[in-house]
Amino acid sequence: MEINLISDTVTKPGHEMLQHMFRAKVGDDVFKQDPTVNELEETLAGLFGMEAALFFPSGTMANQTGIKLHTQPGDEMICDKWAHVYNYEGGGAAFNSGVQSRLIDGNRGMITAAQVAEAINPPDFYHSPLTSLVAIENTTNKGGGACYDLQTLVNIKEVCVKNNLKYHLDGARLWNALVARKQHPKQFGQLFDTISVCLSKGLGAPVGSVLMGTKEDMDRALRIRKIFGGGMRQAGYLAAAGLYALKNNVGRLEEDHRRAKQLGGLLQQLPWIQTVEPVETNILIFSLKPQYSEAALIEKLKQKSIFISSLGKGKLRIVTHLDYKEVMHQYVLEAFQKMVF
């Protein structure tokens, strides 16, 4: 039994999801003639109360398209220093859009309205780049699955409106935030110009993310997706997995959160653990006391067929997910309890 806790991207479609995929009605989505892709896009746009949506092969491409929509080369994007769009998208903002990033030193990947306001360059001062976009990540990846308070997002929106800035949400794990904070998708649809959501992390679909916004922006996004090479043909087989996931796998995210919190509680009691960051959703970040080796821990766990990841700079990460069952969870808890260095 291999237990992979490196990421929630490691999940595989179950039997029922596969059957749903096999039965999908498909067409050529490049011509917008795939009925299942169209249904997925309409479903998500309706769920968030936004005008339109567009299916993408990856969250990175969806985010990069959002950035491209809202900026011109030479502009500046405000985001947290740990933001996925800055750290884990291959420098795409610079490469694809010619945009530089103004990094904010937030709290666990989350920034405030005051920090955003302070980071905006004066629009009439042509020596500095024109600030045009604020990008938010919810939940935060490097921040350990932390969730924004909705009022904070409302306050940032007010700063954006006042300063004529666009507002993009990298909602790769937004489903986790919605469940953890008992929020509604339309609360986010009312705030952001564009939102990307991932179907292949907590929801367990094999591939796919969706970008949402106005009809005009999604028409432009269709052209950008083409330029990025993201047009797919009979993509309805993948969209069907996303539709199944939306109907069946959102509510169960509570189980992932419960297991992550239980692991965090156990780790806090172990003598060789230095810190355990607050656990709100399905990501657990912790560090060892200086005299203990991260590599040694990873190897000891690997010998027990348990796989976790290192974030560097002394941080280790565990991510719970759909394929991490209760029997596995009990085995992992016991393994940590009995761990001897």
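From a predicted model like this one, the values you see are computed outputs, not experimental measurements.
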Practice prompt. Look at atom CD of E16 and say whether more than 12 heavy atoms of other residues, nucleotides or ligands are closer to it than 6.0 Å.
Written response: no

Worksheet item: Can a donor-acceptor pair be found between the side chains of T194 and H70 at a distance below 3.5 Å?
Response: yes

Discussion item. Could you check whether K338 pairs with E334 (Lys NZ or Arg NE/NH1/NH2 to Asp/Glu carboxylate O, under 4.0 Å)?
Written reply: yes

Fill in: Proximity of H168 and F192 rings by center, below 6.0 Å
no

Practice prompt. State whether E326 and R259 are salt-bridged, where the test is any N-O pair (Lys NZ or Arg NE/NH1/NH2 against Asp/Glu carboxylate O) under 4.0 Å.
Written response: yes

Worksheet entry | hydrophobic_cluster_shared for L270 and L288, side chain cutoff 4.5 Å | yes

Worksheet item: Are the charged groups of D8 and K201 less than 4.0 angstrom apart, N to O?
Response: no

Worksheet item: Salt-bridged, E41 to K32, with N to O below 4.0 Å?
Response: yes

Item to complete: Report the distance from atom CZ of R181 to atom CG of N138, rounding to the nearest 0.5 Å.
Response: 8.0 Å

Worksheet item: Of the non-hydrogen atoms in E277 and G143, which two are nearest, and what is the gap between them?
Response: OE1-O, 4.2 Å

Discussion item. Is there a path of hydrophobic side-chain contacts, each under 4.5 Å between heavy atoms, that joins F56 and L238?
Written reply: no

Discussion item. Let me check something: do V250 and F48 share a hydrophobic cluster, defined by ILVMFWY side-chain heavy atoms less than 4.5 Å apart, either directly or through other members?
Written reply: yes

Practice prompt. For atom OH of Y86, decide whether the heavy atoms of other residues, nucleotides or ligands shown that lie under 6.0 angstrom number more than 12.
Written response: no

Item to complete: Measure up the W272 and F336 rings against each other and bin them: parallel (under 30°), tilted (30 to 60°), perpendicular (over 60°).
Response: parallel

Worksheet item: Distance-only, no hydrogens or angles: does the S7 side chain make a donor-acceptor pair with backbone N or O of T9 under 3.5 Å?
Response: yes

Worksheet item: What is the minimum heavy-atom distance between S287 and G314, and which atoms define it?
Response: CB-O, 3.1 Å

Worksheet item: M212, L47: one ILVMFWY side-chain cluster at the under-4.5 Å cut-off?
Response: yes

Practice prompt. Could you check E89, E137, R173 and say which one makes a side-chain hydrogen bond (donor to acceptor under 3.5 Å, both in side chains) with H84?
Written response: E89

Worksheet item: Shortest non-hydrogen contact from I111 to Y148?
Response: N-OH, 2.8 Å

Item to complete: Consider only side-chain N and O atoms of N121 and E76, and report whether a donor and an acceptor are under 3.5 Å apart.
Response: yes

Worksheet item: Between T214, L69, L54, which is the residue that forms a side-chain contact (heavy atoms from CB on, under 4.5 Å) with R220?
Response: L69

Worksheet entry | Donor-acceptor contact present, side-chain Y237 to main-chain H20, <3.5 Å | no

Worksheet item: Do D256 and R252 meet the salt-bridge criterion of a basic N to acidic O distance under 4.0 Å?
Response: yes

Discussion item. If we ignore hydrogens and angles and just use 3.5 Å, is the side chain of K68 paired with the main-chain N or O of N96 as donor and acceptor?
Written reply: yes

Worksheet entry | P129 backbone acceptor or donor facing Q100 side chain under 3.5 Å | no

Practice prompt. Could you tell me whether R225 and D29 have a side-chain N and a carboxylate O separated by less than 4.0 Å?
Written response: yes

